[in-house]
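Lettering follows sequence order; numbering is per chain, from 1. Keep in mind it's a predicted model, so treat the numbers as computed, not measured. Note: hydrogens, waters and symmetry copies are ignored here, and every other heavy atom, side chains too, is used.
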There are 2 protein chains.
Amino acid sequence: MNLVQVIKALSDETRLRILNLLRQGELCVCEIETILGITQSNASRHLNRLTYARILEFYKKAQYVYYKLNEDTLKRYSFIKEILDNELIREELYRADLEKLRRYRESKLSCDDLRRNKVCFDEENQNLFIEQDNAYN
Amino acid sequence: MNLVQVIKALSDETRLRILNLLRQGELCVCEIETILGITQSNASRHLNRLTYARILEFYKKAQYVYYKLNEDTLKRYSFIKEILDNELIREELYRADLEKLRRYRESKLSCDDLRRNKVCFDEENQNLFIEQDNAYN
DNA sequence: ATAATATATGAGTATAAACGAATATAATCA
DNA sequence: TGATTATATTCGTTTATACTCATATATTAT
């Protein structure tokens, strides 16, 4: 892994959004999907790319895969830390994502709830809302 | 210009090589081409891209266009400075380019000489060599 | 064992990026 | 003025990237 490859791994908005979330602590794939409003396969692919560049690492627990920042890599490439700590916060998009994450955590809902109850984020007011299970789900 | 766009501008090896050279001071396009061994149109395009991202700026003097780092942008995005100051030097490719630049400057040849005499860099020993003008050039 | 769920991956498509060759433009020199 | 030179740009091609939909895999729950 050389410098250009690391920078390329950072040069995508969705991947920066993922790193922005994971800066607050580990998350499983379905949490990332839901908070960012992206498809499952898209989330998986971006997570894979960041892992390949060693910017992320993961561990499996039950049926979930938890991703988190690879601290060794952040130490080695201090400019990544600089971006995460000082640049992301300057743009509204990333601040809004953090707000969604905060509300999700505040709700005390689990990843299971997210899927079972089809929890979504209302794009207008950023609030969590829950569609209860019904026969057609 | 937002964060992703700046990072994308940095996510190419040739552009990093250009920035690496310009860290040592301004250069005109033909000097960059020759030292990096890339085509004129390629050099021009990458310089344009870096200028569009405000990482570079330029001024014209006679028939030449001189490019240099935009210090305001480097102050604003300190991670760029971090990359230029601490990361490039770690990889052989960029160190070799700096050595070519040093030899070029040591030779006291001008940009005019570079072109008129078809100065090239021998890729094996990194030395400058000069093909004298002749009727077939 | 079977069904359900979380995640990864394959296939196809659309878009972006990088490049070389040729041409256009603008400045200089003879 | 006409030729030369430095740089930018256009065009066509190739490769890389991002995305969706569908399917595969693996784990859990019943």
Side-chain angles (χ1 to χ4, degrees), chain A residues 4-18 26-53 56-68 110-119 133 135-137, chain B residues 4-18 26-53 56-68 110-119 133 135-137:
Chain A
V4 190
Q5 289 173 301
V6 171
I7 297 177
K8 275 186 199 289
L10 298 172
S11 68
D12 176 88
E13 187 173 271
T14 303
R15 289 194 291 272
L16 289 181
R17 292 176 74 196
I18 289 171
E26 65 188 35
L27 290 169
C28 69
V29 182
C30 62
E31 290 170 322
I32 294 171
E33 287 168 45
T34 307
I35 295 169
L36 297 186
I38 60 180
T39 64
Q40 185 271 318
S41 79
N42 201 14
S44 178
R45 260 177 241 283
H46 283 304
L47 288 164
N48 183 32
R49 176 109 198 235
L50 287 165
T51 304
Y52 183 74
L56 295 183
E57 57 189 354
F58 65 89
Y59 66 93
K60 299 183 185 193
K61 188 177 178 183
Q63 70 269 52
Y64 301 109
V65 180
Y66 289 90
Y67 283 89
K68 59 183 175 180
S110 72
C111 185
D112 289 319
D113 297 320
L114 279 185
R115 285 315 176 88
R116 283 221 196 85
N117 297 309
K118 293 183 55 183
V119 174
D133 279 345
Y136 309 106
N137 287 340
Chain B
V4 191
Q5 290 174 300
V6 171
I7 297 176
K8 275 186 198 289
L10 297 172
S11 68
D12 176 88
E13 186 173 272
T14 303
R15 290 195 288 273
L16 289 180
R17 293 175 75 195
I18 289 172
E26 63 187 36
L27 290 169
C28 68
V29 183
C30 62
E31 290 170 323
I32 294 171
E33 289 169 43
T34 307
I35 295 169
L36 297 186
I38 60 179
T39 64
Q40 185 271 318
S41 78
N42 202 15
S44 178
R45 255 193 285 267
H46 283 304
L47 287 164
N48 183 33
R49 176 110 196 236
L50 287 166
T51 303
Y52 182 73
L56 295 184
E57 57 189 355
F58 66 87
Y59 67 92
K60 300 184 183 192
K61 188 177 178 183
Q63 70 270 51
Y64 303 107
V65 179
Y66 288 90
Y67 283 89
K68 59 183 175 180
S110 72
C111 184
D112 289 319
D113 297 323
L114 281 184
R115 286 313 176 89
R116 282 221 197 86
N117 297 309
K118 293 184 55 184
V119 174
D133 279 345
Y136 309 106
N137 287 340

Considering only side-chain heavy atoms of B:Thr39, which listed nucleotide, D:dT17, D:dA8, C:dG20, is closest? C:dG20

Base of D:dA6 paired with side chain of B:Gln40 (donor-acceptor, under 3.5 Å): no

Residue B:Gln63, side-chain atoms from C-beta onward, closest of D:dA18, D:dT20, D:dA6: D:dA6

Given side chain to side chain contact (heavy atoms under 4.5 Å, CB included), test B:Asp12 with A:Val4 step by step and report yes or no. CA-CA 6 Å; B:Asp12 176 88; A:Val4 190; 5.6 Å; no

Could you state the NZ-P distance from B:Lys8 to D:dT17, rounded to the nearest angstrom? 10 Å

Here the distance between atom P of C:dA16 and atom CG of A:Asp12, to the nearest Å, is 13 Å

With a cut-off of less than 4.0 Å, is there a side-chain N or O of A:Tyr67 near OP1 or OP2 of C:dA8? yes

A:His46 has a side chain; which of D:dA18, D:dA8, C:dA18 sits nearest to it? D:dA18

Just how far, in rounded Å, is P of C:dT7 from OH of A:Tyr59? 12 Å

Scanning both residues in full, the closest heavy-atom pair of A:Ala43 with A:Val29 reads CB-CG1, 4.2 Å

Does a side-chain N or O from A:Ser44 land closer than 4.0 Å to OP1 or OP2 of C:dT7, or not? no

Considering only D:dA18, C:dG20, D:dT9, which nucleotide approaches the side chain of B:Arg45 most closely? C:dG20

From the options C:dT7, D:dT17, D:dA6, select the nucleotide whose nearest atom is closest to the side chain of A:Cys30. C:dT7

Can you name the closest pair of heavy atoms from A:Arg15 and A:Lys8 and give their distance? NH2-O, 3.3 Å

With a 4.0 Å cutoff (strictly under), does any side-chain N or O of A:Asn48 reach OP1 or OP2 of C:dA8? no

B:Ile32 CD1 to D:dA8 P, straight-line distance once rounded to whole Å: 10 Å

Expressed in angstrom and rounded to an integer, what is the separation of B:Lys60 atom NZ from D:dA6 atom P? 15 Å

Quick one: the side chain of A:Ser41 and the base of D:dC21, do they pair up donor-acceptor inside 3.5 Å? yes

Could you state the atom-to-atom distance from CG of A:Leu16 to C1' of D:dT17 in whole Å? 15 Å

Search all heavy atoms of B:Arg17 against all heavy atoms of B:Leu36 and return the closest pair with its distance. NH2-O, 3.5 Å

Gap between atoms CG and C1', on A:Leu56 and C:dA8 respectively (whole Å): 16 Å

Between A:Tyr59 and A:Tyr66, what is the ring plane arrangement, given parallel below 30°, perpendicular above 60°, and tilted in between? parallel

To the nearest Å, give me how far apart OH (A:Tyr66) and P (D:dT27) are. 15 Å

Return whichever of A:Asn42 or A:Lys61 has its heavy-atom-nearest nucleotide of DNA chain D closer to the 5' end. A:Asn42

